[in-house]
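Structure record follows, encoded as structure tokens.
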Amino acid sequence: MILAIDCGSTNHKVALFDEDLTRLAACSAPVAYTVRDAERVEFEPEKIWRDTCLLIRQVCAAARVSSRQITTVALASQAQTFTLLNLQGEPIIPFLSWADKRAQEESPELTQRMGARFHHHCSFPTPLPQLQLSKLLWLARRLSPALRARTRLVSLPSFLALRLAGLHCSDSNLAAMSGMYSLAKEGWWPEAFSVCSLEVESCGQVVEIGTAVPAATACAELDLCPELRIVFAGNDQTAGAYANGAEGLVLTLGTALVAYRFAGTTAGPIQAAGCWGPYPGGGFYELMTRDEGCAALDWAVAQLTPGDETGFLKLAANAPCGGAFFFPQRMHTPDAWVGPPDPGVRARAVLEGICFSMRELVDDMSPPGSAREPATALGGGSADSFWLSILANVLKRPVHRGQGDNLLGAAMLARPGTEPSHSAHAVSFLPESNRGEEYEQVYRAWQQHAPPPLLT
């Protein structure tokens, strides 16, 4: 029995799969942020652990199986989210989310210190404020040297692996997104550790994505199989792409916006502004991302129809195209919308603005003149058919709703060579020639009205 865990940014999810990768049951719980504003994003480690234990018990009950039948736990996760533990394994700080931007001063300093070849080592092109390395320097200036010397650095899936199986371990796919691991050297990067006064040993072992590691200890809170294995399934975008075959573009309408593709066997960097890293089974992925995806939708819902996303989407579906402009990168500010204050018009503008932002990512990734191959849509936003029809018209390419999610991708990595059964007919959204031209004009106008980038 395979238990897959997807450590998402909006929801913490688990699912049980049998050896044929048939999904037996699934459960989820919203991530309970203790701080979530324009700069700081935190949640409590012990709460996420309690939620994990509860979800595992719930999913076993729903599938009518014993937890001792779980032989494998496969972990996929949001990138860069981490905490620090003391020698007893107790958290000394909250989890700092990948979306946390507190390291505004450290980011440009690290950009200068780490040099032009940073992107050859790290998945990300520069030490952004969101990068784990940037926040570790921020912490190094606030924690005492004695406290730093007695800490272990763990990502979110590493924290769960430690609690579930006594493993202080990560995979190269996820580690490469931290700024602490070198893709060029294929190991922890001593230069990065010296910057934030940490010891390499504080980060534990790194394995290749998809590697199964036997448990070192039994979990006290859960009665799991004595021969339990932990499979490290990398970042959630990779797991989702792997579940769908990574054929062509894979677009995620999640908390963040992501355009993802398998890039071949040549090591990166691939695009100066893009991300890259190891893909399961060999080769590398390319990824372009922006923080403001469904996070911008959630913010807009709170402004227009508080607590009622369904009502928000109904308003959007009944409003005209291009009645206003919405700029996702300007959420939390008065400049997020340009145009009439009508709630329906503004709701429609939110869906369009997020699609326009995705269009920019896709255009940056696709070479000029390349064929408009179909794209696969994943993430919470992909459940809304009206939104996907807008996306197909904005991109001028077919958009298929993904048939596999991050949980399935993690489970597939635990069962290499086993193909899951998919529906014979994927739900597809085709671009309409008249709508495509209409959206092309609205997109160009949206670009012209876009406010200058916020300083970071």
Side-chain angles (χ1 to χ4, degrees), residues 6-13 30-31 33 36-38 41 76-81 97-101 124 128-130 177 235-241 244 249-261 273-275 287-304 309 312-313 316 325-333 336-337 346-365 375-392 394-395 399 401-402 405-406 429 443 446 450 453-454 456:
D6 175 18
C7 308
S9 301
T10 302
N11 292 298
H12 193 56
K13 300 177 282 291
V31 178
Y33 290 97
R36 194 177 191 183
D37 57 34
V41 186
S77 177
Q78 55 182 280
Q80 306 184 66
T81 298
S97 166
W98 63 268
D100 188 288
K101 301 177 182 178
F124 289 93
L128 302 169
Q130 298 94 313
M177 304 184 88
N235 68 67
D236 47 7
Q237 306 301 329
T238 294
N244 288 277
L249 285 172
V250 178
L251 310 177
T252 300
L253 295 170
T255 303
L257 285 186
V258 180
Y260 185 108
R261 72 181 182 95
C275 302
L287 177 156
M288 306 288 284
T289 185
R290 289 182 178 172
D291 294 349
E292 306 88 5
C294 288
L297 173 66
D298 292 343
W299 178 82
V301 168
Q303 308 307 304
L304 299 177
E309 183 174 319
F312 180 96
L313 294 173
F325 297 130
F326 177 78
F327 303 99
Q329 70 275 26
R330 286 291 185 168
M331 65 175 180
H332 301 296
T333 77
W337 280 280
R346 291 202 160 191
R348 174 77 174 248
V350 171
L351 302 187
E352 292 171 347
I354 296 172
C355 287
F356 293 153
S357 191
M358 179 67 86
R359 164 77 180 268
E360 291 186 327
L361 291 181
V362 171
D363 285 352
D364 286 342
M365 181 178 285
T376 299
L378 304 176
S382 68
D384 187 71
S385 296
F386 178 64
W387 199 358
L388 291 192
S389 69
I390 294 176
L391 185 62
V394 169
L395 298 180
V399 174
R401 181 177 286 139
D405 59 8
N406 305 342
F429 302 84
Y443 171 59
W446 177 86
L454 289 169
T456 58

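Scope of the values below: all heavy atoms of this structure, side chains included, with no hydrogens, waters or symmetry mates. In what follows, residues are counted from 1 in the order of the sequence shown.
- Between C7 and S77 the shortest heavy-atom distance is CB-OG, 3.6 Å.
- Rounding to the nearest 0.5 angstrom, the gap separating the CD atom in E352 from the CZ atom in F326 is 12.0 Å.
- Here the shortest heavy-atom pairing between K101 and P129 reads O-CB, 3.9 Å.
- In this structure, E360 and F356 have side chains that are not in contact, with every pair of non-hydrogen atoms separated by 4.5 Å or more.
- D298 has its side chain out of reach of M331: every pair of non-hydrogen atoms, C-beta onward, lies at least 4.5 Å apart.
- The side-chain heavy atoms of V250 and Q237, taken from C-beta on, include no pair separated by under 4.5 Å.
- Nearest heavy-atom pair, T289 versus A256, reported as atom, atom and distance to 0.1 Å: OG1-CB, 4.1 Å.
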Applying salt bridge (charged side-chain N to carboxylate O under 4.0 Å, His left out), run through D405 and K13 and close with a yes or a no.
CA-CA 11 Å; D405 59 8; K13 300 177 282 291; over 6 Å; no
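- Between V394 and M358, the closest side-chain pair of non-hydrogen atoms is not below 4.5 Å.
- By the 30° and 60° cut-offs, the orientation of the rings of F327 relative to F325 is tilted.
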Please report the C-alpha distance between T252 and Y260 in whole Å, then the side-chain angles of each, then the deciding distance to 0.1 Å, and finally whether the side-chain contact (heavy atoms from CB on, under 4.5 Å) criterion is met.
CA-CA 8 Å; T252 300; Y260 185 108; over 6 Å; no
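- Closest of all the heavy-atom pairs between F429 and S385 is CE2-O, 3.5 Å.
- By the 4.5 Å heavy-atom criterion applied to side chains, V258 and L378 are not counted as neighbours.
- In this structure the side chain of W98 never reaches within 4.5 angstrom of the side chain of V41, judged on heavy atoms.
- By the 4.5 Å heavy-atom criterion applied to side chains, Q130 and F124 are not counted as neighbours.
- With rounding to the nearest 0.5 angstrom, the CG atom of D6 is 9.0 Å from the NE2 atom of H12.
- To the nearest 0.5 Å, atom CE of residue M177 and atom CG of residue L287 are 5.5 Å apart.
- In this structure, L351 and W387 approach most closely via the heavy-atom pair O-NE1, 3.3 Å.
- Taking both residues in full, the closest heavy atoms of R359 and L395 are given as CA-CD2, 3.7 Å, listed atom of the first, atom of the second, then distance.
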Please evaluate residues Y33 and S9 with respect to the criterion side-chain contact (heavy atoms from CB on, under 4.5 Å), reporting the C-alpha separation (whole Å), side-chain torsions for both, the decisive distance (0.1 Å), and the verdict.
CA-CA 10 Å; Y33 290 97; S9 301; 4.0 Å; yes
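- Taking CG from L251 and OG from S382, the interatomic distance works out to 10.5 Å, rounded to the nearest 0.5 Å.
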List the steps, then state whether side-chain contact (heavy atoms from CB on, under 4.5 Å) holds for S97 with Q78.
CA-CA 9 Å; S97 166; Q78 55 182 280; 4.2 Å; yes
Applying side-chain contact (heavy atoms from CB on, under 4.5 Å) to M365 and L249, what does each step give before you reach the verdict?
CA-CA 9 Å; M365 181 178 285; L249 285 172; 3.4 Å; yes
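- Between the CE atom of M288 and the CG atom of D363 there is a distance of 10.0 Å, given to the nearest 0.5 Å.
- Put simply, SG on C294 and CH2 on W299 are 15.0 Å apart, with the number rounded to the nearest 0.5 Å.
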